[in-house]
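Please read the structure below before turning to the comments.
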Amino acid sequence: MRRPRGEPGSRAPRPTERVTYAGPGESWSPSPTSMLRILLSAQTSPARLSGLLLIPPVQPCYLGSSKSGDRPFGGGPVQGLQRLLEQARSPGELLRWLSQNPTKVRAHHYPVALRRLGQLLVSQPRPPPVEKATLQDLSQLIIRNCPSFDVHTIHVCLHLAVLLGFPSDGPLLCALERERRSRLPPKAPSPHQPAAHGGQRLETALSCPHFLRYPRQHLIRSLAEARPEELTPHVMVLLAQHLARHRLREPQLLEAIAHFLVVEEAQLNSKVVQKLVLPFGRLNYLPLEQQFMPCLERILAREAGVAPLATVNILMSLCQLQRFPSRALQFVFSPSFINHISGTPPSLIVRRYLSLLDTAVELELPGYQGPRLPQRQRVPIFPQPLITDRARCKYSHKDIVAEGLRQLLGEEKYRQDLTVPPGYCTDFLLCVGSSGAVLPVRTQDPFLPYPPRSCQQDQADSNPTTQGSPQRVVLMLRERWHFCREGRVLLGSRALRERHLGLMGYQLLPVPQPCS
């Protein structure tokens, strides 16, 4: 069966009036005519219905993790149904697509259908008549499924229903309005009542789709007024994940998380702690809370053998902050711990993290005397560009820098994406002689010895034959996603990589992103 094609519609005239949805505490403005008089007579004012065309196409919005069946993929049936709705040639066809595909219909399909209904009514000089049963069935479908809508979808459906002329006291608008009110955060308690809903208000705000997709720092700062003692671990984990995901280096909120961790130490296990500590390492922020490190050391001592991956994740966050609890390091490098994680599902990722921790111990803890990761257990740390760089390669200026180097120096005088021991991927590497000339990489060893020993360095300084060896210069791209949002603080993983490359003897040359 061939899929129906959408009929090309004429351009809608510019609206001369706006019908808007009343805000909280306001009542609906009554429709100038009843829904049936507007829709069934097909004499709807183009100026009124053309407001539908001003609303951008509805895109699916998902918050955090979801069931696999709820998430549309590129060419799957969910996206295919959306295209069919957008191309429907009549209101009846819209209803058939929705009613005959119950397993493929998702919440965001209903505003798509309402918007297409309005387009059908203004795209032709004489729109086809709309049967009353079609409108009732469409309304019932929305009423039946609106409890599963998110806040954004409910607001869009409300606005579209008003523009279409559904009566304010009708079943559709009443059902959507009830759902909208049920999603509102609870009212602030009176001065005579304790503030018992601070955590609930925070959770509601973090669950708002616009708040997740378009973070506003002034809004997130206002949430710090809730005392940490009133909040649950679940809510604080949501806040920590939000800060880390959006690279929001907000000291007030980070300090609140640190204080919560100290206050609730006895009730927190390592699986929760790893999530609370994540934003500190990622955002390169060491809290001022004096008990932060002692608290984490006690938790690691108590929980280290319970959840190996969580233990290593906590140490990774602390490593980015240049904090190395010696007892915890000795535990994760012990033969018993390594044998315990061998053969388990997270074995590879734990070994990668342990390899990075071992590198940090080698470079940043010269006085460490405890056990180390055996050579046979070590794996490359970051053997390829980081995931964020690969995901945003089309926004990167790496190709521009590569083309500039090719034209200025020639391809034989630099290496791109070269992995140097113990496994760090570099953006660009050059060999520069003592005279300042860039040498062909193929004629030089681009790698510096690892591990770098102080005695080797002393011998090199005293040996005149090695004083003229070329310097290895690493060009470090500075993309905007390498930094915390609205700041010039490098993310923890970036700062760690640059710190280690510098300690290994590479000369670092930052390359800032060009102004657009």
Side-chain angles (χ1 to χ4, degrees), residues 319-320 322 352 355-366 375 378-386 388-390 393 396-479 482 490-514:
C319 177
Q320 294 173 352
Q322 296 180 269
R352 179 160 292 167
S355 299
L356 191 147
L357 288 172
D358 188 79
T359 300
V361 168
E362 174 68 38
L363 298 174
E364 302 186 61
L365 286 181
Q375 182 65 36
R378 297 178 187 175
V379 295
I381 302 171
F382 299 116
Q384 55 188 348
L386 298 180
T388 53
D389 286 336
R390 297 201 303 271
C393 59
S396 174
H397 65 292
K398 179 178 284 189
D399 291 341
I400 299 176
V401 175
E403 179 61 21
L405 290 174
R406 188 187 67 81
Q407 295 184 11
L408 290 174
L409 303 175
E411 294 182 355
E412 73 281 357
K413 293 189 177 181
Y414 72 93
R415 293 286 298 274
Q416 182 175 347
D417 294 333
L418 179 67
T419 300
V420 301
Y424 281 112
C425 182
T426 59
D427 296 323
F428 299 95
L429 189 141
L430 295 78
C431 295
V432 180
S434 57
S435 63
V438 180
L439 307 175
V441 178
R442 58 182 175 81
T443 64
Q444 307 292 327
D445 182 4
F447 305 119
L448 290 174
Y450 180 84
R453 300 296 183 185
S454 58
C455 59
Q456 295 176 352
Q457 184 65 40
D458 295 339
Q459 293 174 1
D461 293 340
S462 60
N463 189 346
T465 62
T466 61
Q467 291 181 356
S469 59
Q471 291 184 335
R472 280 72 167 182
V473 178
V474 175
L475 303 186
M476 309 292 298
L477 295 187
R478 293 289 179 84
E479 310 283 5
H482 294 172
L490 272 176
L491 294 177
S493 58
R494 300 285 169 178
L496 176 69
R497 183 176 71 154
E498 295 192 8
R499 187 167 69 245
H500 285 184
L501 287 173
L503 290 171
M504 286 188 286
Y506 293 93
Q507 303 297 316
L508 307 182
L509 181 62
V511 181
Q513 186 173 20

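With contacts defined as side-chain heavy-atom distances shorter than 4.5 Å, the pair L430/L409 qualifies. The side-chain heavy atoms of Y450 and L363, taken from C-beta on, include a pair separated by under 4.5 Å. Within the 4.5 Å cutoff, side-chain heavy atoms of D417 are placed close to those of K398. E362 has its side chain out of reach of L503: every pair of non-hydrogen atoms, C-beta onward, lies at least 4.5 Å apart. Between C319 and L496 the shortest side-chain heavy-atom distance falls below 4.5 Å. The closest side-chain heavy-atom distance from L418 to T426 is below 4.5 Å. For the pair L501/V420, a side-chain contact is recorded, criterion being any heavy-atom separation below 4.5 Å from C-beta on.
Put simply, CD on Q471 and CD on Q444 are 12.5 Å apart, with the number rounded to the nearest 0.5 Å. Separation of atoms CG (L490) and CD (Q320) is listed at 11.5 Å; rounding is to 0.5 Å. For the atom pair OH (Y424) and CG (L356), the distance works out to 4.5 Å, reported to the nearest 0.5 Å. With rounding to the nearest 0.5 angstrom, the NZ atom of K413 is 7.5 Å from the CG atom of L439.
Heavy-atom minimum distance, T443 versus P440: OG1-O, 2.8 Å. Nearest heavy-atom pair, R352 versus P380, reported as atom, atom and distance to 0.1 Å: NE-O, 3.2 Å. Here the shortest heavy-atom pairing between P510 and L508 reads CD-O, 3.8 Å. Nearest heavy atoms, A402 versus Q416: CB-OE1, 3.6 Å.
At least one donor-acceptor pair under 3.5 Å links the side chain of R497 to the backbone N or O of C425. Using modelled atom types, one side-chain atom of H482 and one backbone atom of L477 make a donor-acceptor pair closer than 3.5 Å. For R472 (side chain) and P470 (main-chain N/O), a donor-acceptor pair under 3.5 Å exists by modelled atom type. In this structure, S355 contributes its side chain and R378 its backbone to no donor-acceptor pair below 3.5 Å. At distances below 3.5 Å, at least one donor-acceptor pair connects side-chain atoms of Y506 with backbone N or O atoms of L448.
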Would you sort out whether L475 and L405 count as a side chain to side chain contact (heavy atoms under 4.5 Å, CB included), showing the intermediate values?
-> CA-CA 11 Å; L475 303 186; L405 290 174; 3.9 Å; yes
Derivation of the salt bridge (Lys or Arg N to Asp or Glu O under 4.0 Å) call for E498 and R478 = CA-CA 11 Å; E498 295 192 8; R478 293 289 179 84; 2.9 Å; yes
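Shown here is E412, whose CD atom has more than 12 heavy atoms of other residues, nucleotides or ligands within 6.0 Å.
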